[in-house]
Amino acid sequence: MRNGIVVVILIVTCSVAWGQAANTPSTSAQPGSQQSMDMNMPGMSGHDMSKMQMKVQTNDMPDKDGEKEADRDASAHVMNSMEGHMDMGPHMKMTSLRPLKPGDAARAQQVAEEARKASEKYTDYHSALADGYKIFHPELPQKMYHFTNYGYAMEAAFHFNPEHPTSLLYEKRGDDYKLIGVMYTAPKRFTESQLDERIPLSVAQWHEHVNFCAPPADRRKEMLAPHAEFGLRGSITTQEACDAAGGTFHPVIFNWMVHVYPFEKDQAKVWSVERQHGDAD
């Protein structure tokens, strides 16, 4: 398990990791900033994506062995547990839907248009691979596959560029992949107001994964079993219960993520929360 399947959003799932950064989502990296992205790929040979991992180290996620181990465990578990976000219950947090303000709809539409223009050239997934996107866990059967650009994930730590989605979202069609959308990410330390500056929360709802209890080393396989205690579908949702079970509790695991389906014609479908729930991260 340790060296096997290892996340968005995120993703990006991606588990993206930060160093120190400013408290606001600036439009560019600040000189002298200690914020950094560590794209560690332990044991990776060539494109051995089964061992790929993207870690994010920030003040929110101290660089400790336990934290790194939790990300590795969650990375493997995410691909198996998130066939439907609705099933995750207390392990998923959505941003609140805010009242529509003047200019929100136009701002969201601009993001969607830029997402469409940026991604339409990747209708052929080979073009995505040629431009540096990597398939996350291609060996695992998934409802939806994330093709992640780790350079863009790093960029998202500093500022929001709709032309550079962290991940492209594909559905598998035989030996081919059909492009259906994109995923953007933001630091998990962001407040909802900061996320609103990137995409208005009256239109889009971001999500993050919470209440993650990482199991002891000898019980990791239990996360994949029915009626699990540990992991993102586990029954354990509190620090106290996790401690009692011998696990390691993480209030938040991974960064903020949001899916956009820019090829849809209706704005509600472009930002569909129901579809975001149903698609895997």
Side-chain angles (χ1 to χ4, degrees), residues 6-25 35 37-38 40 53-82 85-97 153 156-157 166 183-196 198 201 205-217 219-220 222-224 228-258 276-277 280-281:
V6 190
V7 102
V8 32
I9 159 341
L10 269 218
I11 268 101
V12 41
T13 125
C14 327
S15 146
V16 189
W18 321 98
Q20 263 186 320
N23 289 327
T24 58
Q35 186 171 20
M37 169 74 71
D38 176 14
N40 186 20
Q53 157 192 10
M54 182 168 68
K55 304 194 310 293
V56 183
Q57 296 170 314
T58 70
N59 292 334
D60 302 324
M61 183 178 287
D63 187 9
K64 300 177 181 178
D65 289 342
E67 298 285 355
K68 294 177 182 178
E69 192 66 37
D71 268 4
R72 283 195 289 270
D73 290 340
S75 180
H77 182 49
V78 159
M79 308 312 295
N80 292 275
S81 69
M82 297 194 336
H85 278 146
M86 285 301 210
D87 295 337
M88 295 175 65
H91 296 292
M92 184 179 181
K93 176 184 176 182
M94 301 290 297
T95 55
S96 301
L97 190 62
T166 297
M183 184 180 79
Y184 295 110
T185 55
K188 66 178 183 179
R189 60 182 168 77
F190 267 27
T191 64
E192 292 197 3
S193 292
Q194 289 173 308
L195 293 174
D196 183 70
R198 293 195 169 193
L201 298 188
Q205 286 183 270
W206 295 66
H207 66 270
E208 64 179 355
H209 306 298
V210 298
N211 302 325
F212 178 80
C213 183
R219 300 181 64 185
R220 291 188 191 122
E222 293 181 20
M223 289 194 296
L224 306 180
E229 286 187 279
F230 301 101
L232 291 176
R233 279 189 175 175
S235 59
I236 296 175
T237 60
T238 65
Q239 176 81 59
E240 294 73 19
C242 188
D243 290 344
T248 303
F249 189 73
H250 304 274
V252 180
I253 194 88
F254 310 140
N255 52 331
W256 285 104
M257 312 172 194
V258 65
Q276 187 170 188
H277 279 156
D281 273 343

Which distance, rounded to the nearest 0.5 Å, do you find between the [atom1] of [X] and the [atom2] of [Y]?
| X | Y | atom1 | atom2 | answer |
| --- | --- | --- | --- | --- |
| Leu232 | His209 | CG | NE2 | 6.5 Å |
| Phe212 | Phe254 | CZ | CZ | 6.5 Å |
| Ile236 | Phe230 | CD1 | CZ | 4.5 Å |

What closest approach, in Å, do [X] and [Y] show between heavy atoms, and which atom pair accounts for it?
| X | Y | answer |
| --- | --- | --- |
| Met94 | Glu192 | O-OE2, 4.2 Å |
| Glu208 | Val252 | OE1-CG1, 3.4 Å |
| Gly231 | Met223 | CA-SD, 3.8 Å |
| Lys93 | Trp256 | O-CZ3, 4.1 Å |
| Ala156 | Pro187 | O-CD, 3.9 Å |
| Val210 | Pro90 | CG2-O, 3.3 Å |

*asked:* Is there a side-chain contact (heavy atoms from CB on, under 4.5 Å) between Val258 and Gln205? Walk through the geometry before answering.
replied: CA-CA 7 Å; Val258 65; Gln205 286 183 270; over 6 Å; no

Tell me whether [X] contacts the main-chain N or O of [Y] through its side chain, where contact means a donor paired with an acceptor under 3.5 Å.
| X | Y | answer |
| --- | --- | --- |
| Thr248 | Ala214 | no |
| His91 | Asn211 | yes |
| Asp196 | Leu201 | yes |

With a 4.5 Å heavy-atom cut-off, do [X] and [Y] have their side chains touching?
| X | Y | result |
| --- | --- | --- |
| Tyr184 | Thr166 | no |
| Glu240 | Phe249 | no |
| Cys213 | Glu229 | no |

